[in-house]
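Notes follow once the structure below has been shown.
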Amino acid sequence: MQAQNPALKKKAFEFLRKWEAQNQGRIGPNGKAEVLATKRMIEKMDELGLECHVLLQGEQVIGFSLGKKTGDGVFTVFAEKSLKDGIYVGAYPLLAGLQARALLSRNLTKINRMDDGGEQNLRNAKLALDPLEPTPMFRVSLKER
């Protein structure tokens, strides 16, 4: 499901809070900066032209991604998260697969996903999607105005 309305934006924020709580103690300084950047992307989603794809179980968001079209046939994903505990195992690959199907229907045939940060399970999930080639990741820091 694609979010471009205040209700789904609110759900994305609620999900991110739950994700943070689930991963408390496992998020280092880079992870905290990534969460802050993700919050800002959600806040400015419309202004930045970002799409938020969410995976729902009933009314609960169990996974989401933020991205946009960045080239001819290319969709770049800037942030994606899913819940991992218990019944949510497999939410990430399901979200990625459904998103790919939706983007293909819009003639977006290449998806550029963010770096896996060295997390082996995430790397395996991304490699299972049969990438054409790995794309380097660049880190940016946001400054308060």
Side-chain angles (χ1 to χ4, degrees), residues 1-24 26-85 88 90-119 121-145:
M1 181 178 291
Q2 184 176 325
Q4 293 298 89
N5 66 54
L8 286 176
K9 193 182 273 193
K10 180 180 176 187
K11 283 187 177 286
F13 277 120
E14 290 170 3
F15 167 81
L16 197 54
R17 280 191 290 280
K18 185 171 184 171
W19 184 90
E20 273 185 288
Q22 183 186 73
N23 290 283
Q24 190 174 13
R26 292 185 281 190
I27 302 174
N30 286 342
K32 289 179 183 179
E34 181 183 336
V35 169
L36 178 60
T38 302
K39 286 178 182 176
R40 289 185 178 165
M41 282 190 281
I42 294 169
E43 287 170 0
K44 300 190 178 290
M45 180 171 31
D46 298 327
E47 186 179 322
L48 296 171
L50 297 176
E51 296 178 23
C52 180
H53 295 99
V54 297
L55 180 61
L56 297 171
Q57 180 181 25
E59 289 297 311
Q60 181 183 4
V61 177
I62 61 171
F64 87 106
S65 71
L66 290 166
K68 69 189 265 182
K69 181 180 176 186
T70 55
D72 188 29
V74 178
F75 186 87
T76 299
V77 177
F78 299 110
E80 63 191 336
K81 306 265 183 263
S82 70
L83 299 180
K84 297 177 184 169
D85 62 342
Y88 306 117
Y92 174 80
L94 179 59
L95 172 66
L98 291 172
Q99 180 185 52
R101 184 181 300 158
L103 294 173
L104 187 59
S105 71
R106 294 170 38 200
N107 292 324
L108 295 167
T109 57
K110 295 181 183 126
I111 300 174
N112 182 3
R113 294 201 131 66
M114 63 181 206
D115 182 35
D116 55 45
E119 184 181 321
N121 289 337
L122 186 53
R123 178 169 293 155
N124 290 343
K126 290 183 179 194
L127 290 173
L129 298 172
D130 197 20
L132 295 174
E133 61 186 65
T135 302
M137 180 177 167
F138 302 94
R139 295 205 182 269
V140 296
S141 299
L142 299 175
K143 294 193 305 188
E144 293 293 327
R145 290 193 216 186

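Since this is a predicted model, take the numbers as computed values, not measurements. Worth knowing before you read on, the calculation uses all heavy atoms, side chains too, and leaves out hydrogens, waters and symmetry mates.
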> Can you tell me how far OG1 of Thr38 sits from CD of Glu43, rounded to the nearest 0.5 angstrom?
Replying inline: 11.0 Å
> Can you tell if the side chain of His53 reaches within under 4.5 Å of the side chain of Phe75, non-hydrogen atoms only?
Replying inline: yes
Give the table of side-chain donor-acceptor pairs shorter than 3.5 Å for residues 55-67, with sequence neighbours excluded, one pair per line with atom names and distance.
| residue | atom | partner | partner atom | Å |
| --- | --- | --- | --- | --- |
| Gln60 | OE1 | Tyr88 | OH | 3.2 |
| Ser65 | OG | Gln99 | NE2 | 2.8 |

>> Can you tell me how far apart CG (Leu48) and CD1 (Ile42) are? Round to the nearest 0.5 Å.
In response: 11.5 Å
> Salt bridge or not for Lys39 and Glu34, using N-O below 4.0 Å?
Replying inline: no
> Could you give the distance from SG (Cys52) to CZ (Phe15), rounded to the nearest 0.5 Å?
Replying inline: 9.5 Å
> Atom OG1 in Thr76, atom CG in Asn112: separation rounded to 0.5 Å?
Replying inline: 4.5 Å
>> Filter on salt bridge (charged side-chain N to carboxylate O under 4.0 Å, His left out), then keep only pairs touching residues 65-75, sequence neighbours left out; what's left?
In response: none
> With side chains defined as the heavy atoms from C-beta onward, is the minimum distance between Phe78 and Thr70 less than 4.5 Å?
Replying inline: yes
>> Rounded to the nearest 0.5 Å, what separates atom NZ in Lys9 from atom CD in Glu14?
In response: 14.0 Å
> Can you tell if the side chain of Trp19 reaches within under 4.5 Å of the side chain of Val35, non-hydrogen atoms only?
Replying inline: yes
> So, do Ile111 and Val77 sit near enough that their side-chain heavy atoms are less than 4.5 Å apart?
Replying inline: yes
>> I'd like to know whether Lys81 forms a salt bridge (Lys or Arg N to Asp or Glu O under 4.0 Å) with Glu20, so could you lay out the CA-CA distance, the side-chain angles of the two residues, the decisive distance to 0.1 Å, and finally the verdict.
In response: CA-CA 10 Å; Lys81 306 265 183 263; Glu20 273 185 288; over 6 Å; no
> Hey, does Val54 have a side-chain heavy atom less than 4.5 Å from the side chain of Lys11?
Replying inline: no
